[in-house]
Amino acid sequence: MKITKNLALSESGFAFNGSTGDSFILNETATFILQKIKDGLSEKEILDLILTEYEVNSIQAEKDLHDFITQLKIFNLLEE
Amino acid sequence: MKIAVTGLNNTDNPGPGVPVIRSILAEKDFNGEIIGLHYENLEPGIYMEGIKSRSYMIPYPSQGPEALLERLKYIHFRENLNIILPTLDSELYNFIYISNELEKLGIKTFLPTFDNLEKRSKDKLSEFCKKAEIDTPQTFILNSQSQINEVLKKLKFPVVVKGIFYEAYICYSIDEIFSSFSKVVSKWGLPVLIQEYLIGDELNVAAVGDGEGNTLGAVAMRKLFITEKGKGWSGVTIKDENLIEMTHKVIKALKWRGGLELEILKSRNDGKYYLLEINSRLPAWVYLTQAAGQNLPYLLVKLALGESVKPYEDYEIGKMFVRCSLDLITDIKTYERISINGEL
């Protein structure tokens, strides 16, 4: 997984796609995940971190993470 | 140095004059005065503080180049102008026509050529795009309503009905097409364009060409808020190489001379970039370009003076503009002076 070129993500959760002009407001968890993707972590590594950081069962976390990644693709925030 | 600038109509359908002036004044090397040239007594730029030293009324483009030249000779006698920067589409033909006369008077310009204007006109754009291998929506040029049914055999609804100069309507039925056709003809005459309607994001590029095929600067912007008149009220600079590449291609193919604006649509269906229009002047959002690191209006000043210009390589992304509307307070005596004397 690779974040799209020109994507700026701030700690406040504001993301700006400099290639399209789209901007997004992310909640704390989404910001955390996007930052980890930006750092180059795999989906599995991010899932492990979520299970460590948040009180959530692994099946729910895996499903939510997968949904979120799908959304990132729909919004062209991830490069294939 | 004295630079005269037109297009002070900073209304809800703003001319580029005021942003062009603000860009020039923002340039640290600039040491001179701005002279406004206006068509109407209530153009807001006349009344704005710190924009121009004086402003003079000039005749409407419909009065022809001779009337314009005569008026400019008077203004030049009063002001000793060095450069004139016309900023509106409608006045360009007259200014190009008299540019040699202006040069003889010692007034410099940097304008597109007649050939530039001809090739980018709406009814010639498809032909140009085909030759230059640039995608553009499928367009039909109609000289009569009787051609509508024939065109509809080749296009799917909705379609866009466009005037030769301004206005466009999205039509979902044949009745709407006939009605829009009549509206457009009554205002702008024939021909009328019928175009395939593409869904996507409309993006804009402001740029300057040197007349030899080289791009000296180009900044891409996406509108964030659009008024009912279709004008961008807010926008942000973006970096999409496809937009800049298309701009280079257009400027190279046309050997464009001067400022221009490209309207490009990124299709949501096929992801391709379609050239919608080439406007033959810098846009009203051009002040954003200097904020992003490319002072395109000042490039025109340098080019008019014949100075060598180094092309801009890059600009800052994420620079935003938000247009605002506020009331300028003046006095009826000021309005009287403009109305009676044609200058302020």
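These numbers come from the heavy atoms of this one structure, side chains and all, not from hydrogens, waters or symmetry mates. Below, chains carry the letters A, B, ... as their sequence lines are ordered, and counting in each starts from 1.
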(message) Shorter than 4.5 Å, heavy atoms on both sides: which option in Ile238(B), Thr237(B), Leu224(B) has the most such pairs with chain A?
(response)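 Between Ile238(B), Thr237(B), Leu224(B), the count favours Ile238(B).
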
(message) Working to the nearest 0.5 angstrom, can you tell me the gap between Ser19(A) OG and Arg222(B) CZ?
(response)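 Reported value, rounded in 0.5 Å steps: 11.5 Å.
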
[X] [atom1]: over 12 foreign heavy atoms closer than 6.0 Å:
X: Arg22(B); atom1: CZ; result: no
X: Phe157(B); atom1: CZ; result: yes
X: Lys38(A); atom1: NZ; result: yes

(message) Test of understanding: with salt bridge (Lys or Arg N to Asp or Glu O under 4.0 Å), list the residues that count as partners of Asp314(B), not counting sequence neighbours.
(response)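 Testing Asp314(B) for salt bridge (Lys or Arg N to Asp or Glu O under 4.0 Å), a comparison that skips the adjacent residues, returns Lys239(B).
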
(request) Compare all side-chain heavy atoms of Asp201(B) with those of Thr20(A) and state whether any distance is below 4.5 angstrom. (result)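 With C-beta onward as the side chain, the pair stays apart.
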
